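Comments concern the structure below.
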Amino acid sequence: MDGDQGGLTIERVTAPPPAAPRGRRIDPSRYARLALLAPTLAITLVCFVVPLALIALYSFGSVNQVDFNVFFGWTTGNYRAFTSSLYLHTLARSVVLSVSTTLACAVIGFTFAYFISRQSPRAQRLLLVAVIVPFWTSFIVRTYSWVDLLQNLGPIDRFARALGLHGHIDILYTQYSIGIGILYSYLPLMILPIYVSLERIDPALFDAAEDLGATPWRQFRRVVLPMAVPGLIAGVIIVGVPALGEYVIPEVLGGGKTLMAGNILADQFLQTGNYPFGSALAVSIMVVLMVLLFLLRRAQPAADPQ
Amino acid sequence: MNTEGFPATEPLTRGTLLRRAGAGALGVSAASLLAACGGSGSGSSSAASGAIKGQAILSNYPGWIGKHNLADFAKKYPGASIKMTSNATSSSAEVVLQFKSKQYDFLLADTSDAGQASAANLITQLDWSKIPNAKNVSEKFRKAYPWGLPTDYGKVGIAYRPDLIGNATITSWHDLWELIPRYSGQTIFINLERDCMGSTCKYLGFSSNTTDPDELKKVQDAVVGVKPHLKAFLNTDVGAGLVNGSTAMAMDWDYDVALLQQKNDKIKWVLPDEGVHAYLEGFTAVQSTSKIAVIQAFLNFLAEPPQYADFVNTTGTAYVMPASTPLILKSISKNPILVPTDEVLAKTEFDKYLGADGATLWSNTWTAIKAA
C-alpha cells in the first residue's frame, strides 16, 4: 500500500508470500519456544496451580480432631460452616478494614507519588529511595516497632500528654492501630506504581492544556488523574489483596481483640489443625477477592483513557 | 553441684520461649538449637550405661533444659546423646502433628497435648522400672501426668498494681471482673483459650475442663461482657504493662509475675479464691521411636535431684520435685508464687484433654469470643 503524506511518498515494503508447504513440516522454533516457556510453566504449575488445587481439594474434606487425619468425603460442610454469622461478620469487618486502608493508601500514595513526579530527577531518586528503605528492614520488626510507638506512655502518647491531649491517643490494640499498621506497611506498594504512571506523562501535555485555558485543577482532573489510573488500579490490587488476608498486623497491633478473616484462617492451620475448614475459608476469601477484582477490572476501561 | 555454682543471670522464661515461637510463627525463622553445653560431670559410666547407645531427638522449647543436662548425660552414657531441636508452640494441633511426624523420639508436651496424643495412640508407654528416679517427682504430678516424666507446671492467677486501682485489694476472679469496667482499658487477658477460658470457668465456679455447652456459653458471655473494657489479649509480655503502669491488672502466669516483681515491687500476685487453672508439662516418648532405651535413661538421669535442679535453675520454672529443693536457687525455692502451699495446690486444676468434641466446642467458643 502506497500513500502520500505531506508530499512524501511512503512505500510499504511487503514480504514475499510464503512458499507453499511441502508435506508436514514442523517448525523447529516451536520447540524452542516451548523449551523457553517450560521453566515458567513448571514454576507456575508447582508454585501456584498445584497448591491452589490442593487447597480446593482439602476444602471438601473433613478432619479427625483427635489425630488430625484428613478424609476426603467430598462434604460441603466446611462451606456451610463459613456462612455462619460469626465468620461472615468477621469477613465483612476484614473487607471494610481492607477497603478503607486501601483507599487511605491510595489518597496518601497518590499525593506523595505526584509530589515525587514533580521534582527534579535527582530529588526523585532520593525520594524513591526513601520510599523503598523501609523494605530493607524485616516486616515483623517494622510492625512491632508500632507497638512501642503507639503504646501507653510511648513516644506518641507522651507527646500527646505534653500537649494535654491524653485520652485521645491511646489507640494501640484497636482497629485504628491495625489500620495504621496496614497503611504504613503497604503505602510504598501504592506509591511506586502510581509514580510510574505519573512519571510517564509527557510534560508537553501540561503545556498544551495550559495553552487551551485549563486551570491547574482542571489539568489535574482531566490530564493527570486519568493517566494515573492504570498505576492507581495496580496499586489498589497490590495493596488491597494482601490487606484482606492480612493476619500478622491484626495479631500484633490488634491485641487479639479484633479478629480478621486472615486470623481465623491462620488459626485453622496453626492452632486448630482443621485444614479442610481453613482451606474452605481460603477458597471463600479468594472468591471474594476475585469478585472485587472483576468489578475493578470492569471499572478500568471506562476510566482508562487508553 | 550446688546453688552457688549457678551464675546469677535471669532465668529463661516460658514467656520468652513463647515469644520466640510467636516470632517464628510470624515469619521469623527460629534457629534450631543444639543444646550441648559444657559442665561438670555427674559420675563415671557404668556397665549398664555402656548398653545405652544412640541419639534420641527431643522437640522442646529453645533452651528449656538445664545448662549441663545434655553434656552430663553424654558423659555418663558414652555413645548415647540427646539432640534437642526447638519447636516451641502453644498449639495442640502442632504438638500432636509432631508426635505423628516421626522426626522426633520424645517431646515436651502438656497434659492436654499428651492426653490427645495418647488418645490417638501416638505415645509409647515407658518402662518405669528403667526410670526408678521418677519416684523423686511428687506423686500428685506423676498421677496428673502419666504419659512421661513431668518437668514443670504453671498457674494462671491475677497480677495487679494496687496503687493504680485506688489501693483496692483483689482476692478473687470475682473482684477482677468487678474492677475491669471501672478501670476500662487497663486489663490484659491471656490470649490462649485454655488459660483464658479455663480461668473464666473458675470465676463462674465451673471445672476448667468442662465440656458442658451451657457452661461454655456462660464463659463466652462472661468474657465478651468485659471484652470492651480489656486492653488486649496477649500471649507474650502479658504483664509487661504493669511494670511501667500502662496497665493495672492482668490475668497472668506465675512465672511471669515472679520476674515482673523483680522489676517493680508494687506488682501483687493473687491466686484467686475460686481456684486456678494450671498447665503441667513433661517429656513424653513418641510411639514411633526406636530409641526408647536412650529416652528412658535420659529421663531417669534428669530425675536425679542435681540434674533436675540444673533444669529448674536454668528455666526458672515452678518445680515438681521436692527432693531437689536444697539444690535450687533460693530466688525460686523461696518464692511463694512459684512454690505455693499445699492449700493453694489443692485449688489448682490442671489442663486435661477434652476429647474431640470438647476440643472443638472450646475452639468454637474461643473463636466466638475473639470475633465478638
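A note on names: the letters A, B, ... follow the listed sequences, proteins ahead of strands, and every chain is numbered from 1. Not measured: the values here are computed from a predicted model.
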### Task
Kindly give the heavy-atom pair with the smallest separation between A:N69 and B:K100, and that separation in Å.
OD1-NZ, 2.6 Å

#### Entry: Contact summary for B:A120 and A:D67, nearest pair of heavy atoms
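Where B:A120 meets A:D67 most closely, the heavy atoms are CB-CB, 3.7 Å.
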
Proximity breakdown for [X] and chain B, heavy-atom pairs closer than 4.5 Å:
X      : result
A:N64  : neither
A:Y87  : side chain
A:Y275 : side chain
A:T90  : side chain

Considering only heavy atoms from C-beta outward, does the side chain of [X] approach that of [Y] to under 4.5 Å?
X      : Y      : value
A:Q271 : B:W366 : no
A:D267 : B:T367 : no
B:L234 : A:Y173 : yes
B:N191 : A:E251 : yes

Do the side chain of [X] and the main chain of [Y] share a donor and acceptor less than 3.5 angstrom apart?
X      : Y      : answer
B:K370 : A:T258 : no
B:E94  : A:T272 : no
B:S246 : A:N152 : no

With a 4.5 angstrom heavy-atom cut-off, could you sort out which part of [X] is near chain A: side chain, backbone, both or neither?
X      : answer
B:K227 : both
B:A368 : both
B:F189 : neither

Can you establish whether the number of heavy atoms outside [X] located under 6.0 Å from its atom [atom1] is more than 12?
X      : atom1 : value
A:F72  : CZ    : yes
A:F159 : CZ    : no
B:D357 : CG    : no

#### Entry: Rounded distance (nearest 0.5 Å) linking atom OG of B:S92 with atom CD of A:Q65
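Separation between the atoms: 10.5 Å.
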
### Message
Rounded to the nearest 0.5 Å, what separates atom CG in A:N274 from atom CG in B:N364?
### Response
9.0 Å

#### Entry: Option that, when pairs with chain A are counted at under 4.5 Å, heavy atom only, ranks first among B:I188, B:L122, B:N121, B:L230
B:L230

